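Scroll down for the structure; my scribbles are underneath it.
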Protein chains: 2
Amino acid sequence: MGSRNRDIQWSAMVRRREDGAEHRPSGTPPPKPRRRPTIQDLARAAATSPSTASRALSGNGYVAADVRVRVLEAAERIGYVPDINARTLRNRTSRAVGVLISDLRNPFYATLAAGIEQRLRSAGYHVIVVNNDGEEEAEVEGARTFLAVRVSAAIVTPVSERAVRMLMDDGVPVVQADRMVDGLTSDGVLVDNVQGARRITEHLIGLGHTRIALLIDETDWTTGAGRLDGYRAALRAAGLPMDPALVVPTRFQPEAAREAVTALLARRPDVTELFAATNMLAEGAFQALQRGGRRVPEEISLVAFDDVPWMSMVSPGVTTVDQHTDDLGRTCAQLVVDRIAGSSAGHTTVKYIEPSIIIRGSTGPPRGSTVPAARPEPGPLTTSPPS
Amino acid sequence: MGSRNRDIQWSAMVRRREDGAEHRPSGTPPPKPRRRPTIQDLARAAATSPSTASRALSGNGYVAADVRVRVLEAAERIGYVPDINARTLRNRTSRAVGVLISDLRNPFYATLAAGIEQRLRSAGYHVIVVNNDGEEEAEVEGARTFLAVRVSAAIVTPVSERAVRMLMDDGVPVVQADRMVDGLTSDGVLVDNVQGARRITEHLIGLGHTRIALLIDETDWTTGAGRLDGYRAALRAAGLPMDPALVVPTRFQPEAAREAVTALLARRPDVTELFAATNMLAEGAFQALQRGGRRVPEEISLVAFDDVPWMSMVSPGVTTVDQHTDDLGRTCAQLVVDRIAGSSAGHTTVKYIEPSIIIRGSTGPPRGSTVPAARPEPGPLTTSPPS
DNA sequence: CTGTTAGCGCCTTCAA
DNA sequence: TTGAAGGCGCTAACAG
């Protein structure tokens, strides 16, 4: 909070409530919150007992119809809201689900979280979100929080194996999202990275590219490893040479990717196509091409993995692999719901999201290609689906 | 979940844990989670009483140094994790904060949530996120959830006044973010919309624009009203005519904005500059210009309010008002922390985030302008700060 | 069908 | 400095 901020005590935009009783001289301790009505109060208001009130509210057990109505009305009248903490304590199970992700600022995770939250909310759960910023410590801390609040399940995009293991060791059902810790048996929802990478690479090969550089930040997880595998499989299937120097390692930040691409282009001017393995890397690659003044796709083509909004806004739009992130999130949530309901007891389920390819303007035949472009070069954005 | 998904029971990528005891024939009910150690167990393990163990952990009250050590060690050893529900029930106060926002898929809200979560987590709170999708019902439902879990405070980007009122009526401290419900006295963090809109409009006027259209989706909240005011104030100060037909109402979706812009351009070919009041509207406006084949900024300039990633990726980059959304989020969180600590007792605080202007390539002198461009037209992106 | 009882796990008196 | 006791609000047994 720098000097950008300016404090004021009162805003002209906000009118004082016309309620003199609200006035409290500064310095007085804050009013202790009015005690919330408990089920005792509700029972009294409905002229019955707490247990009957409880039954009326929950629908478990017998309650005379008229009594139920009385209780419901009373609840409405006195503004009764059941205490979830007490309920959780008593029931030893909550309607809370922990969501442990890496970076809400990254549209991939934001969309994932949105899909999860949407589905879980409609199933009557609420969501505790912890961002771990890619840090193992924060991730473990998040897992500890989930244990402490007795979440009934957790959805994790793992950074390390510790958090997932902690949760599983404590009997918390875990759904791993996007990637899975090797050797831990939990439910999971993964993207078919191999297939996605393979199909988009095939698209490039079909256009005539033979020197396709892969920009990638990790191959330890199924995400990176799968994308690398798919890329290789496509090359192999097409009988193309596998030049190890064209697999370009980088750190995950756009800046790192930008530098890596700039260096690559200087080193290997023969490269006609760049495949960025994540949306962040694609961002850096795109910037490197733009700053380097490379014409896309005439001089060099670009494809990405993971469709994020800017890719359909730029011109040319970026051809990419759509992971259906929203669907990924909803599927995770559904797995959680099924697991809690016990309908998936006895086995773990790993679902795969089948990605699809979105072809935009950033891919074309390689420069010097004698193959006429089969696909007419579209005007900006016209091949893009609506974002 | 459509045909894109394919279920499998087992993934080659995930190895079975080498733990035969884990095997459970399908159909067997899930193992009841091993009872978690309670403070009783901890006391036993540390050869003391629960009360002493409690004091040792919390630091409240006297505990002999050696006993404290014993308790802490035992806690570590047996994997004791205090039950937050029990603690909340007993203490009548939790470390949970509710965050009620409109749309996690919109980078504005995602960034806001990220800033909030980050700051609150480091202050020892955890966050319950509810997305309301702009729906009053969902918002009220979210507020009810917050009441039920006894959050110690809530941060809300209000959609209606009901949710905020419900929370406040129950004594839950509320920080309203980005916009405030008129007539409710809570803490809040707002952006100085008037100033931001005014300054960016002045920038345009300085370039020589006189027919500046404002694309706006609402003027009921301080956000829209403020941006409209700032726009008008700048025109007025410059002695420019105020053409009501240049204030173009639209719904908030990019598609709506796209159509509105297309219609406007047909109707008013004399417009030289478009000011989109939100990032969503800017998206639609940008697309409309691109599809319409308008050269930006030569034929028409574009500015936005709220900086989101695509604006620095496209060429030309979009000149916009940076709301410092991350800071906005952190400031909300800080207000919550202060409020809970009681350090702000006795008054409400409304903070203002002072936005700043990011000038990119989408703004230039109006067509036919005789004023030479003072600012050399930069190459793509070179005026953009790193995204 | 209803009400009484007990206890979920924790923390804070209060008495020792 | 420690431990015993009680109760936060809720619901599932169980007895009426």
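Note that this is a predicted model, so its numbers are computed, not measured. Sequence lines set the chain letters: A, B, ... in the order given, protein chains first and strands last, and positions in each chain run from 1.
Distance CZ (A:R90) to P (C:dA6): 13 Å, rounded to an integer number of Å. Look at CD1 on B:I39: it is 8 Å from C1' on C:dC11, rounded to the nearest Å. When rounded to the nearest whole Å, the span between CG of A:D83 and P of D:dC8 equals 12 Å. In this structure, A:D41 atom CG and D:dC8 atom C1' are separated by 13 Å, rounded to whole Å. Rounded to an integer number of Å, the gap from CD1 of A:I84 to P of C:dG9 is 19 Å. Put simply, CZ on B:R36 is 11 Å from P on C:dC10, counting in whole angstrom units. Per the geometry, CZ belonging to B:R55 stands 13 Å off C1' belonging to C:dC10, to the nearest Å. In this structure, B:N85 atom CG and D:dT11 atom P are separated by 13 Å, rounded to whole Å.
The base of D:dA4 lies close enough to the side chain of B:S51 for a donor and an acceptor atom to sit less than 3.5 Å apart. Residue A:S49 places no side-chain atom within donor-acceptor reach of the base of C:dT4, judged by atom type and a 3.5 Å distance cut-off alone.
Sequence order on DNA chain D of the closest nucleotides to B:L89 and B:V63 puts B:V63 first from the 5' end. Mapping A:A86 and B:S54 onto DNA chain C via the closest heavy atom, the residue that lands nearer the 5' end is A:A86. With the nearest nucleotide of DNA chain D identified for both A:P82 and B:A64, B:A64 has the one nearer the 5' end.
With respect to the salt-bridge test (charged N to carboxylate O, under 4.0 angstrom), the residues B:R70 and B:E73 do not qualify. Salt bridge annotation for A:D83-A:R87: absent, with no cationic side-chain nitrogen under 4.0 angstrom from a carboxylate oxygen. Salt bridge A:E117/B:R105: absent, no basic N to carboxylate O contact under 4.0 Å.
For the pairing with B:Q334, the side chain to side chain donor-acceptor pair (under 3.5 Å) check across B:R339, B:K351, B:R119 returns one residue only, B:R119. With A:V81 as the partner, the side-chain contact (heavy atoms from CB on, under 4.5 Å) test is satisfied by one option alone out of B:D170, B:V149, B:L147, B:T145: B:L147.
Residue B:T48 has a polar side-chain atom (N or O) positioned under 4.0 Å from OP1 or OP2 of D:dG3. In this model, the phosphate group of C:dG3 is not approached by any side-chain N or O of A:Y62 to a distance below 4.0 Å at OP1 or OP2. A sub-4.0 Å separation between OP1 or OP2 of D:dC8 and a side-chain N or O of B:R92 is absent.
Listed nucleotides: D:dA12, D:dT2, C:dT2. Nearest to the side chain of B:T52: D:dT2.
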